[in-house]
Amino acid sequence: MQSGNRPQFSVVVPVFNESANIRELHRRLTEFFRPRTDSFEIVFVDDGSLDPSYRILDELRRADPRVRIIKFSRNFGHHIAITAGLDFSRGDWVVLMDADLQDQPEDIAQLLEKTQEGFDIVYGIRKERDDPPMKKLSSWLFIGLMNRFAGAEIPLNSCVFRVMSRRVVDHLKRFRERERYIIGLMSWLGFRQTGVEVRHAARFAGEAKYNLRRSFRLAFNVVTSFSYLPLRLASYTGFLSALIALLLIVTLIAKKLIFGIPVEGWVSAMVCIAFFGGVQLLCLGIIGEYLGRTYREVQQRPLYVVDDSNSDL
Ligand code: UDP
Ligand code: MG
């Protein structure tokens, strides 16, 4: 489809078990763009859905040549799906949004309007967020970590829903690290960025795929992929405990030699062993995390495997 001449807009949508949302999303996106332009495409990335999502996408693409599908061979995760969508997208402007209609397709208007002022990235900021409290909390914690460790300046309520220019997408495509958080990478990238308020609704249908464990994992990834602070903390802890141990030894010797007080036996020994054992394991664990990450990166495996697609890269 239209290779050579780029569409004006691409909408990139990661899909994982969203069969109840896809048609509605497609309808509202088409309704949104039709009066504005004919030159748009919707890039759906089926991230190994186990429900009929792919069948529905396939039907849509038969009926609408603007629909492009990248079907993964298995589930690779939200941010990898977004990455594939960006890789395949061709539009001069690329809109990123989830498939669950928590973000309103009609709000793309506000995002696009802001790009007129010369911004390369315009992200949505959720006014009233319709998520369970736990989800909000983990998301705030997460963005807080990004800001602290990745040197990002991301408003707490900003979301994946956003629009970016072709040059931003082209730069993002050069990032090939495996552990990735798109919002963090985009913030790292620079260019002129801003946010506008968007609405946020509960899911149209289906269940959220992020649970606490996943969110925690993602938060940990943020800290370790953008900073060496945990490694440094390990060194600090080691240094501090060595210092405490040294002071203890000096005190014990002083007690014995100057005051003749006998050194108390096994209790202090046990406490020391447990303490230092713990510190050493902690430090080893932190080093191991980075080593594992380095190993994953040097393996240079592809980020994702495409099973079927009606699009060329
Ligand atoms: N998603 C995906 N792969 C996954 C999990 C989620 O492509 O492994 C998609 C999902 O279909 C949705 C978006 O990522 O379009 C956000 O997922 P979800 O709504 O579960 O996250 P939340 O809104 O709770 O952050
Ligand atoms: Mg959602």
Side-chain angles (χ1 to χ4, degrees), residues 1-16 18 21-47 53 57-58 60-72 78-101 103-116 119-124 159-175 180 182-183 185-186 189 191 193 196 198 303-304 306 308-313:
M1 195 189 85
Q2 45 190 317
S3 57
N5 56 329
R6 293 185 160 182
Q8 199 178 351
F9 302 106
S10 298
V11 185
V12 167
V13 188
V15 173
F16 180 56
E18 303 281 6
N21 298 316
I22 298 167
R23 280 182 204 284
E24 176 71 6
L25 176 68
H26 174 261
R27 187 185 66 74
R28 282 173 61 183
L29 275 174
T30 319
E31 236 166 54
F32 171 79
F33 278 111
R34 275 267 162 77
R36 293 173 169 82
T37 174
D38 242 4
S39 178
F40 68 95
E41 61 176 13
I42 307 176
V43 184
F44 286 105
V45 183
D46 178 10
D47 186 13
S53 292
L57 288 175
D58 201 40
L60 283 178
R61 86 168 143 188
R62 279 171 216 279
D64 180 359
R66 292 186 188 83
V67 171
R68 298 173 64 202
I69 313 176
I70 293 105
K71 180 185 191 298
F72 281 176
H78 185 191
H79 289 261
I80 300 285
I82 291 175
T83 305
L86 294 178
D87 288 345
F88 281 80
S89 72
R90 294 194 281 230
D92 293 329
W93 290 94
V94 178
V95 179
L96 209 62
M97 71 187 299
D98 291 346
D100 54 8
L101 288 163
D103 307 309
Q104 312 298 305
E106 297 73 26
D107 285 353
I108 297 174
Q110 281 103 274
L111 299 179
L112 289 179
E113 200 180 316
K114 202 73 183 171
T115 61
Q116 307 287 324
F119 290 100
D120 275 280
I121 299 173
V122 183
Y123 48 82
C159 50
V160 172
F161 185 36
R162 54 188 55 215
V163 55
M164 67 202 100
S165 65
R166 171 50 42 189
R167 63 173 179 165
V168 165
V169 177
D170 285 342
H171 283 297
L172 274 179
K173 280 161 74 172
R174 291 165 47 212
F175 290 74
R180 47 181 45 231
I182 294 286
I183 293 183
L185 294 182
M186 285 178 74
L189 203 57
F191 292 113
Q193 320 197 357
V196 294
V198 292
L303 284 181
Y304 50 84
V306 175
D308 184 21
S309 165
N310 68 334
S311 319
D312 305 321
L313 251 186

Q.
To the nearest 0.5 Å, what is the distance between CZ on F33 and CD on Q8?
A. 9.0 Å
Q.
Looking at R61 and D58, is there a salt bridge between them, counting it only when a charged N and a carboxylate O are closer than 4.0 Å?
A. yes
Q | Greater than 12 external heavy atoms within 6.0 Å of E31's CD | A | yes
Q | From L57 atom CG to I69 atom CD1, the distance as rounded to the nearest 0.5 Å | A | 5.0 Å
Q: Answer yes or no: is there a donor N or O on one side and an acceptor on the other, between the side chain of R162 and the main chain of V160, under 3.5 Å?
A: yes
(Q) Looking only at side-chain N and O atoms, does R174 offer a donor or acceptor that is under 3.5 Å from a partner on H171? (A) yes
Q: Please say which of D103, L60, D98, V13 ends up in a side-chain contact (heavy atoms from CB on, under 4.5 Å) with L25.
A: V13
(Q) Run Y123 and I183 through side chain to side chain contact (heavy atoms under 4.5 Å, CB included) and show every step you take. (A) CA-CA 9 Å; Y123 48 82; I183 293 183; over 6 Å; no
Q) Shortest non-hydrogen contact from S39 to P7? A) OG-CA, 3.2 Å
Q: Determine whether D100 and E18 make a side-chain contact, defined as any pair of heavy atoms from C-beta on separated by less than 4.5 Å.
A: yes
(Q) Checking L189 against L172 for the side chain to side chain contact (heavy atoms under 4.5 Å, CB included) test, could you report, in this order, the C-alpha distance in whole Å, the side-chain angles of both residues, the deciding distance, and whether it holds? (A) CA-CA 8 Å; L189 203 57; L172 274 179; 4.1 Å; yes
Q.
Under a 3.5 Å threshold, yes or no: a donor from one side chain and an acceptor from the other, between R166 and S89?
A. yes
Q. If you round to the nearest 0.5 Å, how far is CZ of F161 from CG of D107?
A. 5.5 Å
(Q) If I take atom CG from residue L29 and atom CG from residue L101, how far apart are they, to the nearest 0.5 angstrom? (A) 8.0 Å
Q) From I182 CD1 over to L86 CG, what is the distance, rounded to the nearest 0.5 angstrom? A) 5.5 Å
(Q) Any side-chain to backbone donor/acceptor pair from R68 onto G85? Under 3.5 Å, distance only. (A) no
**Q.** For D87 against Y304, the heavy-atom pair lying closest together
**A.** OD2-OH, 2.6 Å
Q: Using a 4.5 Å cut-off on heavy atoms from C-beta on, say whether the side chain of R180 contacts that of I80.
A: yes
Q) Does R66 use its side chain to pair, donor to acceptor, with the backbone of T30 at less than 3.5 Å? A) no
Q) So F44 and I42, side chain to side chain contact (heavy atoms under 4.5 Å, CB included) or not? Walk me through it. A) CA-CA 6 Å; F44 286 105; I42 307 176; 3.5 Å; yes
Q) Is any side-chain heavy atom of V196 less than 4.5 Å from a side-chain heavy atom of L111? A) yes
Q | Nearest-0.5 Å distance, CG of residue D92 to CZ of residue R167 | A | 13.0 Å
Q.
Taking ring pair (Phe, Tyr, Trp, His ring centres under 6.0 Å) as the definition, give me every residue that meets it alongside F32, ordered by chain and number, with sequence neighbours left out.
A. none
**Q.** M186 backbone acceptor or donor facing Q193 side chain under 3.5 Å
**A.** yes
(Q) Using side-chain heavy atoms (C-beta onward) and a distance below 4.5 Å, is W93 in contact with S165? (A) yes
Q | I22 side chain reached by S53 side chain, heavy atoms, under 4.5 Å | A | yes
Q: Write down the atom of V15, the atom of A99, and the distance for their closest heavy-atom approach.
A: CG2-CB, 4.1 Å
Q) Between L112 and F9, is any pair of side-chain heavy atoms under 4.5 Å apart? A) yes
